[in-house]
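For reference, positions follow the sequence shown, starting with 1. Below, all heavy atoms of this structure are taken into account, side chains as well, without hydrogens, waters or symmetry copies. Both counts, for ligands and for their atoms, begin at 1 and track the order of listing.
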Amino acid sequence: MVLRRTMLALCAGLSVAAWTTAAVAADAQLKVVASFSILGDMVREIGGRHVDLATLVGPEGDAHVYEPTPADATTIAAARLLVVNGLGFESWLPRLIEASGSSGEVIVASEGVVPRPIGGRHEEHAEADDEHHDHHHGADDPHAWQDLANGVIYARNIGSALAAADPVNADEYARATEAYVERLQALDAEVRAKLAAIPADRRTVVTSHDAFGYFGDAYGVTFVAPVGSSTEAEASAADVAQIIDQIRRENISAVFVENVSNTRMIDQIARETGAAIGGALYSDALSGPDAPAPTYTRMVAWNVLQLTRAMAGS
Ligand code: ZN
């Protein structure tokens with residue numbers, strides 16, 4: 001892993017520098033790069049006007065299969081902090097960092113999250129799968145942000161990193177972090193209440209790639225997906241046939257398309273089973289400003305609205 005944590009060393013050096021250049025530092029914005037749109041939104045929420053933010057994989061972008069550009073290397077080289085998801089999400093990033101020659105610090109937003117193995121945490125699942133070992137056993141599911149409790153961990157990691165890199169504004173980052181965390185916790189309670197109102201036997205839905213495992217574990221929804229944890233993989237005809245069988249056999253409320261995945265397979269599944277297509281879920285990227293999920297909190301609220309509508313059967 002090229003990613004390295006040098007926060008303590010950097011911190012010690014900075015506090016000395018901050019004393020001598022405080023007048024300048026108070027005005028200068030901290031240059032921060034976020035690897036994808038959801039992290040970019042969190043940095044903006046907490047860093048506000050003190051941060052000069054660039055986001056590599058923007059709204060509606062798919063970070064699983066992103067191909068960095070030479071301009072990205074230049075952007076990273078100029079940044080003091082690079083905020084990444086970690087958990088194997090940005091597989092293209094270590095090479096990009098190396099190519100950029102960056103000496104900035106890499107902040108892993110998911111540090112401290114309890115990782116969920118790809119394919120789920122259930123013992124019986126691992127045993128039943130003994131026959132075909134095509135899952136990446138041992139690898140982590142990267143989509144931790146889909147559980148708002150993990151979003152709180154991300155926010156606190158980002159807040160601490162901004163404060164350490166820009167100590168002049170540390171109090172403001174701390175206040176912004178706590179205000180944001182309160183909003184995330186309030187939304188988490190709201191999501192729990194909305195999903196608790198749905199009967200247990202209506203809480204299974206189909207999505208295209210397996211991006212909602214953390215959401216499912218946190219809020220009691222079962223997501224079935226013909227594609228694994230990365231959009232890089234393609235579902236085989238057998239995978240799709242198995243899902244179609246399962247939808248017919250079980251009481252599956254709806255199938256959903258995602259903003260970062262091809263809709264063809266989900267259209268086929270809906271056609272062959274007669275299952276309703278719910279709205280589009282935002283899994284790995286925010287929407288643009290004029291669509292329903294331009295921020296992390298609005299993304300979660302939108303997804304929950306689509307899911308509960310479909311599961312309630314209205
Ligand atoms: Zn994904």
Side-chain angles (χ1 to χ4, degrees), residues 34-42 55-68 83-94 96 108-110 113-121 134-151 153-154 205-219 221-236 239-240 243 255-266 269 278-288 291-296 298-300 302-304 306-307:
S35 63
F36 76 115
S37 54
I38 293 168
L39 294 181
D41 177 56
M42 291 178 171
T55 299
L56 298 177
V57 185
E60 310 288 357
D62 184 350
H64 288 292
V65 293
Y66 184 65
E67 288 180 18
V83 182
V84 308
N85 183 71
L87 299 172
F89 188 51
E90 304 99 336
S91 56
W92 40 270
L93 197 65
L96 176 63
V108 180
S110 68
V113 161
V114 177
R116 173 186 185 278
I118 283 173
R121 63 155 65 131
D134 51 355
H135 289 266
H136 307 262
H137 284 294
D140 296 327
D141 178 347
H143 306 88
W145 60 85
Q146 291 293 351
D147 174 353
L148 286 155
N150 290 339
I153 294 175
Y154 281 42
V205 298
V206 173
T207 55
S208 45
H209 93 294
D210 198 2
F212 291 95
Y214 289 92
F215 183 101
D217 288 349
Y219 306 113
V221 177
T222 302
F223 289 85
V224 179
V227 180
S229 275
S230 172
T231 54
E232 209 163 3
E234 290 213 10
S236 67
D239 291 334
V240 174
I243 295 265
V255 297
F256 288 89
V257 295
E258 287 160 52
N259 66 326
V260 298
S261 295
N262 186 322
T263 63
R264 210 173 38 214
M265 177 182 58
I266 290 296
I269 291 171
L281 299 181
Y282 290 83
S283 53
D284 298 19
L286 301 177
S287 71
T295 67
Y296 174 55
R298 287 183 63 189
M299 176 191 88
V300 173
W302 169 265
N303 287 346
V304 169
Q306 305 315 304
L307 288 166

Exercise for review: Output the atom name for the N/O/S atom of Asp284 with the smallest distance to the Zn ion (ligand 1).
Suggested key: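 That would be atom OD2.
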
Check your understanding: What's the verdict on side chain to side chain contact (heavy atoms under 4.5 Å, CB included) for Ile266 and Phe256, showing C-alpha distance, side-chain angles and the deciding distance?
Key -> CA-CA 7 Å; Ile266 290 296; Phe256 288 89; over 6 Å; no

Point to revise | Any N, O or S atom of Asp62 closer than 2.8 Å to the Zn ion (ligand 1) | key: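 Not a single backbone or side-chain N, O or S atom of Asp62 is under 2.8 Å from the Zn ion (ligand 1).
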
Check your understanding: Taking the Zn ion (ligand 1) as the vertex, how big is the angle to NE2 in His143 and NE2 in His64, rounded to 10°?
Key ->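 Here the angle at the metal atom is close to 110°, to 10°.
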
Practice item. State, yes or no, whether a side-chain contact exists between Val255 and Ile243 at a heavy-atom distance under 4.5 Å. Key: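 Result no, sub-4.5 Å side-chain heavy-atom pair not found.
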
Review point. Only one of Tyr214, Phe212, Phe36, Phe215 forms a ring-ring contact (aromatic ring centres under 6.0 Å, His included) with Trp145, so which one is it?
Key: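 Only match with Trp145 under ring-ring contact (aromatic ring centres under 6.0 Å, His included): Phe36.
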
Exercise for review: Answer with yes or no whether the side chains of Asp141 and His143 bring together a donor and an acceptor at under 3.5 Å.
Suggested key: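 On atom types as modelled, these side chains qualify, holding a pair under 3.5 Å.
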
